[in-house]
Amino acid sequence: GERELTAPLRGGSWEAAAVLLGDVLALDTDPEAGYHADTGDALLVDAEAPVTWASPLTLRADRPRPGPPETDAAADVDVDEHERTPDRTTEDADATP
């Protein structure tokens, strides 16, 4: 999903806009959060508003959440450390030495 944040960004005080922008950018930079911030190139100016200029801001929840790292258990085994033995068949296992 996505949420358009331009109106809330422009509708409050400069302090509130700074907090909102900081929070959104923090989510964007955290790979575990699963969010992406899109800032537009436009410059929106309103001399009568508390926040006189801003750029469009959208927050999207579209990044996949990272799962556990994939590991190859076989890559962790040092083959030279372990003695290799030939595969034994069931017939071999039943034979008496």
Distance from Asp28 atom CG to Tyr35 atom OH, nearest 0.5 Å? 12.5 Å
Walk me through it: do Glu2 and Leu59 pass the test side-chain contact (heavy atoms from CB on, under 4.5 Å)? CA-CA 6 Å; Glu2 79 179 36; Leu59 182 64; over 6 Å; no
Which heavy atom of Ser55 sits nearest a heavy atom of Gly40, and at what distance? CB-O, 3.6 Å
Cut-off 3.5 Å, no hydrogens considered: what does the side-chain donor-acceptor table look like for residues 3-25, sequence neighbours left out?
| residue | atom | partner | partner atom | Å |
| --- | --- | --- | --- | --- |
| Glu4 | OE1 | Thr58 | OG1 | 2.9 |
| Glu4 | OE2 | Thr6 | N | 3.2 |
| Glu4 | OE2 | Thr6 | OG1 | 2.1 |
| Thr6 | OG1 | Leu57 | N | 2.9 |
| Ser13 | OG | Glu15 | N | 3.4 |
| Ser13 | OG | Glu15 | OE1 | 3.3 |
| Ser13 | OG | Ala16 | N | 3.0 |
| Trp14 | NE1 | Pro50 | O | 3.2 |

